*Asks:* 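Once you've had a glance at the structure underneath, I'll fire off some questions.
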Amino acid sequence: MAATPAPPKAPPKPTWDPRKPEPPFPWLRPTIRIRLTLLYGGMFLIAGILLLSIIYLLAAQAIHEGSGQSFKIYGSGVQIRSDTCPELNNATTDDARNAALKACNDALKQHALDGLLSRSLLALLGLAVIAFAFGYAMAGRVLTPLGRITRTARAVAGSDLSRRIELDGPDDELKELADTLDDMLERLERAFTAQQRFVGNASHELRTPLAINRTLLEVHLSDPNAPVELQQLGKTLLATNERSEQLVEGLLLLARSDNQIIERKPVDLAEVASQAVDQVHAEAEAKGVEIRGERAPAVVQGNGVLLERIALNLVQNAVRYNVPDHGWVEVTTELQHGQAVLVVTNTGPMVPAYEIDNLFEPFRRLRTERTGSDKGVGLGLSIARSVARAHGGHIAARPREGGGLVMRVTLPT
């Protein structure tokens with residue numbers, strides 16, 4: 001009978017613990033509470049010692065001044081003379097002398113107490129100034145790590161995810177917070193890097209087949225011997241393919257414009273708006289829409305291509321969503337309160353105020369279906385809002401009295 005094989009041994013336990021080891025005496029950890037307790041307790045003790053020493057010296061000086069009476073005896077008749085107590089010189093009886101001595105002693109005591117009080121108040125004022133200055137310096141030293149964390153957070157808010165706090169110093173709550181934030185930033189950087197890589201791959205994977213389809217359709221439509229029905233089908237497919245290309249480009253631009261603009265250059269909004277008007281001019285003439293407006297110079301720091309996309313999307317929407325007859329679009333730029341402002345106003349259908357916010361959502365249009373519209377893919381205002389936010393500005397819309405919209409883009413200069 002064959003021997004039963006021995007069961008496999010359990011794998012050896014790791015000799016290291018991935019978790020952070022606990023110190024042998026956790027209550028001795030130099031936490032901020034313990035450090036602040038020792039700091040302010042020591043400051044209170046030092047201030048108390050200084051105050052007691054000053055009061056002792058002042059009291060000693062007051063006692064010395066209070067006992068500074070001088071007496072001289074003249075003649076055999078026991079006549080007492082005093083320079084500090086003139087009333088005693090005129091006293092001739094024992095009762096008068098005792099009363100004069102008592103009055104002089106009371107006056108000297110009161111003088112000593114008044115001097116002690118005034119000097120103590122001055123000493124207290126001086127100690128208060130020193131204590132506030134020392135406390136301010138110590139508070140700044142304690143809060144220095146928080147300032148470092150804040151500066152790093154601001155840099156990260158500017159899309160610089162490579163920044164880390166890397167706080168040195170004792171293992172206290174602030175260092176624990178900084179290490180936790182560093183771990184979070186590490187994960188965020190990996191997530192954003194993966195997102196950018198995905199956007200790049202999707203850009204290639206989605207554009208290539210659409211470009212191939214467009215080429216095949218254009219080659220087919222160029223054949224003069226093709227049947228009319230087939231040519232009509234090819235034109236329909238070509239329009240659908242063009243719409244898909246616009247959708248892909250819009251989605252990719254929307255994904256890229258959500259981040260803060262790092263490289264900025266001077267861009268004149270007036271020039272950007274004029275270029276957008278030139279690109280839409282032919283479409284506006286075909287629809288009978290007049291484009292007007294004065295465009296004053298308004299220079300901002302940003303990306304010219306993305307800013308042109310804002311103006312182009314707004315002007316295109318203003319032309320496409322307009323009235324059939326005698327419509328107009330007004331495009332103006334100006335500087336207001338240190339900010340560059342682009343305003344696009346148009347005639348058009350009445351827009352309820354409660355539907356304004358929905359216009360900035362992707363694939364949302366005013367009282368139209370999600371798909372099937374020949375006016376666009378529903379991403380124009382979403383892209384404009386994302387680009388404005390990436391430049392530190394904002395875009396707002398309001399219904400125009402009589403129909404249409406007033407789109408206002410505000411960007412920092």
Side-chain angles (χ1 to χ4, degrees), residues 153-161 192 196 199 249-281 284 291-321 329-346 348 351 353 356-362 364 376 378-400 404-413:
R154 287 176 180 171
V156 171
S159 297
D160 187 7
L161 293 177
F192 276 96
Q196 292 176 355
V199 170
E249 292 292 337
L251 289 174
L252 294 176
L253 181 61
L254 181 62
R256 290 170 179 169
S257 61
D258 279 335
N259 295 329
Q260 193 82 4
I261 305 300
I262 298 177
E263 295 183 0
R264 297 173 179 262
K265 297 180 180 179
V267 180
D268 190 354
L269 274 188
E271 182 180 355
V272 168
S274 298
Q275 292 179 358
V277 170
D278 293 339
Q279 295 182 49
V280 187
H281 185 71
I291 302 180
R292 63 193 187 191
E294 296 182 359
R295 290 175 283 279
V299 179
V300 299
Q301 297 293 327
N303 185 289
V305 176
L306 294 179
L307 291 176
E308 184 179 349
R309 176 63 64 174
I310 290 183
L312 182 60
N313 287 350
L314 294 182
V315 177
Q316 279 182 343
N317 285 344
V319 171
R320 293 174 181 176
Y321 297 92
V329 175
E330 188 176 52
V331 183
T332 62
T333 58
E334 59 181 339
L335 287 175
Q336 288 185 358
H337 308 293
Q339 292 183 320
V341 180
L342 167 66
V343 181
V344 179
T345 309
N346 71 312
V351 181
I356 294 294
D357 293 337
N358 294 333
L359 297 177
F360 291 95
E361 297 299 326
R364 296 295 295 271
L379 290 173
L381 293 182
S382 301
I383 293 173
R385 182 178 62 178
S386 296
V387 173
R389 288 178 176 175
H391 284 80
H394 66 276
I395 181 172
R398 62 177 177 85
R400 174 184 166 272
L405 289 172
V406 179
M407 308 295 296
R408 182 184 179 88
V409 181
T410 305
L411 299 172
T413 57

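Note that this is a predicted model, so its numbers are computed, not measured. Excluded from the calculations below are hydrogen atoms, water molecules and symmetry mates; all remaining heavy atoms, backbone and side chain alike, are included.
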*Asks:* If I take atom CG from residue L312 and atom CG from residue N317, how far apart are they, to the nearest 0.5 angstrom?
*Replies:*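 Rounded to the nearest 0.5 Å, the CG-CG separation comes out at 9.5 Å.
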*Asks:* Between the main-chain N or O of G338 and the side-chain N or O of T413, is there a donor-acceptor pair closer than 3.5 Å?
*Replies:*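 A pair under 3.5 Å: yes.
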*Asks:* Take a 6.0 Å sphere around CZ of R292 and say whether it holds more than 12 heavy atoms from other residues, nucleotides or ligands.
*Replies:*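 Yes, because the 6.0 Å sphere around CZ of R292 holds more than 12 heavy atoms from other groups.
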*Asks:* Taking all non-hydrogen atoms of both residues into account, name the closest pair between N313 and A384 and its distance.
*Replies:*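 Of all heavy-atom pairs spanning N313 and A384, the closest is ND2-N, 4.4 Å.
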*Asks:* With distance as the sole test, does T333 use its side chain to make a donor-acceptor pair with the main-chain N or O of A296 at under 3.5 Å?
*Replies:* yes
*Asks:* So which atom in A353 and which in P399 form the shortest heavy-atom distance, rounded to 0.1 Å?
*Replies:* CA-CG, 4.0 Å
*Asks:* Between atom NE2 of H394 and atom CZ of R389, what is the distance when rounded to the nearest 0.5 Å?
*Replies:* 11.0 Å
*Asks:* Is the CD atom of E294 crowded by more than 12 outside heavy atoms at less than 6.0 Å?
*Replies:* no
*Asks:* Less than 4.5 Å apart, side chain to side chain, heavy atoms only: is that true for L269 and V409?
*Replies:*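 Sidechains of V409 and L269: no contact.
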*Asks:* Can you give me the closest heavy-atom contact between P412 and G392, atom names plus distance?
*Replies:* CD-O, 3.7 Å
*Asks:* Considering non-hydrogen atoms only, spot the tightest contact between N346 and A318 and give its length.
*Replies:* ND2-O, 3.3 Å
*Asks:* Any side-chain heavy-atom pair from I383 and R309 closer than 4.5 angstrom?
*Replies:* yes
*Asks:* Compare every heavy atom of A284 with every heavy atom of I291, then report the nearest pair and how far apart it is.
*Replies:*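 Heavy-atom minimum between the residues: CD1-CB, 3.7 Å.
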*Asks:* Out of curiosity, L342 CG to L307 CG, how far, rounded to the nearest 0.5 Å?
*Replies:* 9.5 Å
*Asks:* Any idea which heavy atoms bring R295 and T332 closest together, and the distance?
*Replies:* CG-CA, 4.2 Å
*Asks:* Check each of N303, V267, V272, V387 against E308 using the side-chain contact (heavy atoms from CB on, under 4.5 Å) test, and report the only one that passes.
*Replies:*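 For E308, the side-chain contact (heavy atoms from CB on, under 4.5 Å) check succeeds only for V272.
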*Asks:* Nearest 0.5 Å, what's the CG-CZ distance between L314 and R408?
*Replies:*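 CZ of R408 is found 13.0 Å from CG of L314.
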*Asks:* Do M407 and L381 come within less than 4.5 Å of each other through their side chains, counting heavy atoms only?
*Replies:* yes
*Asks:* Between the main-chain N or O of I395 and the side-chain N or O of R385, is there a donor-acceptor pair closer than 3.5 Å?
*Replies:* no
